[in-house]
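By convention here, the first residue in the shown sequence is residue 1.
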Amino acid sequence: MQAVIVNLLKEGKGGEVVTIARNQLSAELWNRIMKDPGAIKRDMEQKKVELKQDTLLLEQAARQLKNMADGFAAKYQNDSSAFYLKKRMEMDTLNYAYLSEYADFIREYLVSYDESILLYGHIIEFCKVKYGEESNEVADNYNAIGVVYHDKGDISTSLDNYLSALRIREKVLGYKHEDVATTLDNIGVLYCDLGNYQKALEYCEHAFRIFKKISGENHPDVALSYNSIGFIYSETGNFDKALEYYRKALSIQEKAFGNDHPELATTLNNIGQAYYSNSDFDIALTFYNKSLAIWEKVFGQNHPIVAYSYNNIGSLYEDLGEYEIAMEYYMKALNIRNKAFGQENIDVAGTYNNIGSCYYNQENYLLAKEYYLKSLEIRKKITGEENNYVATTMNNIGLIYANQGDYQNAMEFYNRALAIQLKLLGSEHPLVATLYNNIGRICLTQGDNAKALDYFTKAMAIQKKALSDDGIMTAILYNSIGMAYRALKNYPKALENFYEAHEILKKVVGDEHPKLAIAYHNIADILFRQGHYSEALEYAIKANKIREEKLGNENKSTMDTQNLMKMINLSMKPHIYRLIISDSIQASKQGISSISIILRFNTWEFGNKENLISIAQLLESEQANLILLEGESIIKHQYKPNIPGVNIDIEAVTPDEESRILQLYNAWKEKNEK
């Protein structure tokens with residue numbers, strides 16, 4: 001079918017074919033076929049004899065309908081093309097060529113999954129009777145129905161059909177036939193989707209060797225293999241290797257097909273995805289737009305593959321922090337998919353999930369949860385609970401609950417997702433690493449810091465072993481590990497990991513991304529805790545600039561950074577309070593008087609009277625670095641908590657005292673800084 005379309009385009013005969021085809025039959029006969037395509041065949045059966053004239057008429061009508069279909073296909077009017085292919089099929093429902101061509105067309109160009117499955121099922125049963133249980137025709141349709149189930153996300157049923165096709169094809173055609181290679185390639189891509197990259201590569205490389213031996217190095221089938229192998233390398237994070245294979249495929253396809261072929265668009269899209277995964281967003285967008293232009297031309301603007309392209313572009317803008325633009329593309333994709341498939345479809349569920357993700361990144365948890373739950377309901381209904389897509393959505397819902405402070409529900413969804421992923425993918429898959437990270441975050445929130453660090457460390461080991469990249473997920477894990485060390489008060493290790501996250505994100509997402517703001521904020525926080533106020537303020541200002549611009553002033557993360565900036569600014573000035581310790585004997589064991597003046601109290605803000613109480617409580621339980629005034633002498637002191645019998649109170653000093661103390665402090669500071 002595709003070769004015919006290409007030839008018609010080259011000859012400029014798309015519209016011409018339609019005109020010629022229509023004039024070859026009488027208006028009466030043509031109208032009869034349009035109203036009742038099977039009429040001629042039934043007339044022949046009723047006569048109980050195959051009249052030569054009727055047979056020729058039937059063949060002529062079939063040719064006319066095929067020409068009409070090809071003509072509309074050449075002009076990329078796929079609904080009209082499918083209409084005439086269906087009329088031809090209905091003329092003779094026992095004609096294998098008519099049945100299979102219509103089924104293939106609606107699968108590829110109309111993406112009508114349910115109709116395709118019913119039709120392929122019918123063809124399989126028909127072929128078993130006509131050609132035998134283990135015929136190549138039966139195998140062809142097992143392979144085709146496997147593709148449909150793969151596209152629907154039903155991996156198990158897809159694999160069953162692929163394996164049935166492979167068994168028959170190897171038996172009927174031998175082990176080195178191009179049809180065998182096609183099924184091997186399909187199985188390889190399926191295993192890649194399951195995360196079994198080694199097995200995926202084995203199948204796809206086997207297919208490649210067969211294609212190359214049969215067709216030579218420059219055949220489109222070889223390009224198909226290059227694409228599949230490139231996809232596996234891309235999924236494992238080896239983007240340079242992926243691009244190497246994609247460009248080989250592209251070179252073959254450009255020579256074979258020209259510049260406007262759907263398979264060429266697929267390769268351009270794959271190249272875009274490799275650049276996107278490697279965070280080269282500008283280059284990725286260029287390739288995405290090239291593939292989108294071809295798909296829109298070939299399939300029209302309302303085809304599901306165009307929606308797939310919109311989804312990819314939306315994801316790119318989401319990662320750039322351009323949430324409004326991302327949402328526009330997601331909504332375009334959703335409108336196409338709803339129209340093409342209805343509500344209960346795996347691709348519709350995928351778009352709901354993406355929209356939820358976009359809301360989540362804007363911290364609009366209410367709407368994010370609404371779309372995630374829509375996605376989960378559809379995915380569970382279509383695939384059952386033990387499915388990767390279901391686990392992904394469960395994880396996302398867990399994130400919502402965690403951000404809302406409902407840790408019990410968050411952990412429930414994380415553990416359900418983890419059980420599915422461990423069963424389907426094994427213990428060393430990156431998606432398992434993501435869940436370990438999220439479970440670790442819950443442990444951290446609940447104060448189990450050592451357990452959290454253990455989860456984060458396991459996740460990082462999986463991530464580096466599986467992908468060996470410095471992508472966004474690696475940065476997220478560095479950030480998580482830093483948070484664990486911060487909770488354990490190991491500030492040097494915390495800062496080391498936050499800097500690692502910062503370096504990756506700066507390289508990957510650029511200077512104005514909300515994820516980079518997280519790293520800036522965390523670095524500022526640690527520097528503040530260490531007393532490096534000027535440097536801390538620099539990073540906090542950078543975080544605030546991004547968050548104000550991308551998230552707005554009413555956003556919680558923005559307000560957190562602004563509060564940190566206030567604390568840093570307050571801590572850069574001496575704060576003067578009177579420290580009163582009830583037991584002077586015990587106080588003297590600490591090396592301080594029972595009444596002292598605090599000039600600086602690192603890491604805590606105490607700009608109002610309410611904070612004085614909490615500071616006193618913290619002094620009773622945590623070590624602190626103080627600068628004290630005792631009499632007329634200023635001393636540095638490390639206060640150690642938990643001294644039996646010591647009660648602490650703090651009160652503000654009078655303005656006159658504050659002025660006198662500041663003079664003493666400034667003189668002391670000037671002397672000590674020389």
The salt bridge (Lys or Arg N to Asp or Glu O under 4.0 Å) partners of D114 (sequence neighbours excluded) come to K152
| Parallel, tilted or perpendicular: which fits the ring planes of Y539 and Y499, with parallel below 30° and perpendicular above 60°? | perpendicular
With sequence neighbours left out, the residues meeting ring pair (Phe, Tyr, Trp, His ring centres under 6.0 Å) with F281 are Y276
Quiz item: Can you tell if the side chain of T457 reaches within under 4.5 Å of the side chain of M460, non-hydrogen atoms only?
Solution: no
Rounded to the nearest 0.5 Å, the OH atom of Y246 sits from the OG1 atom of T266 at a distance of 10.5 Å
Residues passing the ring pair (Phe, Tyr, Trp, His ring centres under 6.0 Å) test with Y317, sequence neighbours excluded, are Y329
Residues 281-293 vs side chain to side chain donor-acceptor pair (under 3.5 Å), sequence neighbours excluded, gives none
Test item: side-chain donor near acceptor, N227 and T267, under 3.5 Å
yes
Quiz item: Are the side chain of E370 and the backbone N or O of L366 linked by a donor-acceptor pair below 3.5 Å?
Solution: no
Here the salt bridge (Lys or Arg N to Asp or Glu O under 4.0 Å) pairs for residues 494-506, sequence neighbours left out, are K493-E496, K506-D511
In this structure, CG of N479 is separated from NE2 of H521 (nearest 0.5 Å) by 10.0 Å
Here the salt bridge (Lys or Arg N to Asp or Glu O under 4.0 Å) pairs for residues 375-389, sequence neighbours left out, are E344-K381, K380-E385, E385-R416, E386-K423
(Q) How about CG on N259, more than 12 heavy atoms from neighbouring residues, nucleotides or ligands closer than 6.0 Å, or not? (A) no
* Determine whether the side chains of N553 and Q562 contain a donor N or O and an acceptor N or O closer than 3.5 Å. => yes
Hits for side-chain hydrogen bond (donor to acceptor under 3.5 Å, both in side chains) against H150, two or more places apart or cross-chain, chain-then-number order -> D193
Checklist entry - Going through the checks in order, is the side chain to side chain contact (heavy atoms under 4.5 Å, CB included) test met by Y371 and N353? => result CA-CA 6 Å; Y371 277 94; N353 186 77; over 6 Å; no
Residues pairing under salt bridge (Lys or Arg N to Asp or Glu O under 4.0 Å) where one sits in residues 551-560, two or more places apart or in two chains, turn out to be K556-D560
Across all chains, not counting sequence neighbours, the ring pair (Phe, Tyr, Trp, His ring centres under 6.0 Å) partners of Y203 are Y191
- prompt: Is the centre of the Y330 ring less than 6.0 Å from the centre of the Y310 ring?
  reply: no
- prompt: Do S234 and Q273 have a side chain donor and acceptor closer than 3.5 Å?
  reply: no
**Request:** Please examine the side chains of S158 and L190, heavy atoms only from C-beta on, and report whether any two atoms are closer than 4.5 Å.
**Result:** yes
For K332, the salt bridge (Lys or Arg N to Asp or Glu O under 4.0 Å) test, sequence neighbours excluded, returns none
query = If we only count heavy atoms from C-beta on, is the N302 to V306 side-chain gap below 4.5 Å?
reply = no
| Check: N544 side chain, A540 main-chain N or O, donor-acceptor pair, under 3.5 Å | no
Residues passing the side-chain hydrogen bond (donor to acceptor under 3.5 Å, both in side chains) test with T392, sequence neighbours excluded, are none
| task | Could you verify whether a donor N or O on one side chain and an acceptor N or O on the other, from Y352 and Q343, lie under 3.5 Å apart? | result | yes
Heavy-atom nearest pair, N437 first then A459, reads N-CB, 4.2 Å
Sorted by chain and number, sequence neighbours left out, ring pair (Phe, Tyr, Trp, His ring centres under 6.0 Å) with Y401 holds for F413
Distance col, row I462:CD1 vs M473:CE, nearest 0.5 angstrom, shows 10.0 Å
(request) Answer yes if the side chains of Y308 and N269 hold a donor-acceptor pair under 3.5 Å, and no otherwise. (result) yes
Legend entry - Close side-chain approach of N311 and R337, heavy atoms under 4.5 Å: yes
**Pi-cation contact, Y455 with K458 (under 6.0 Å, within 45°)** = yes
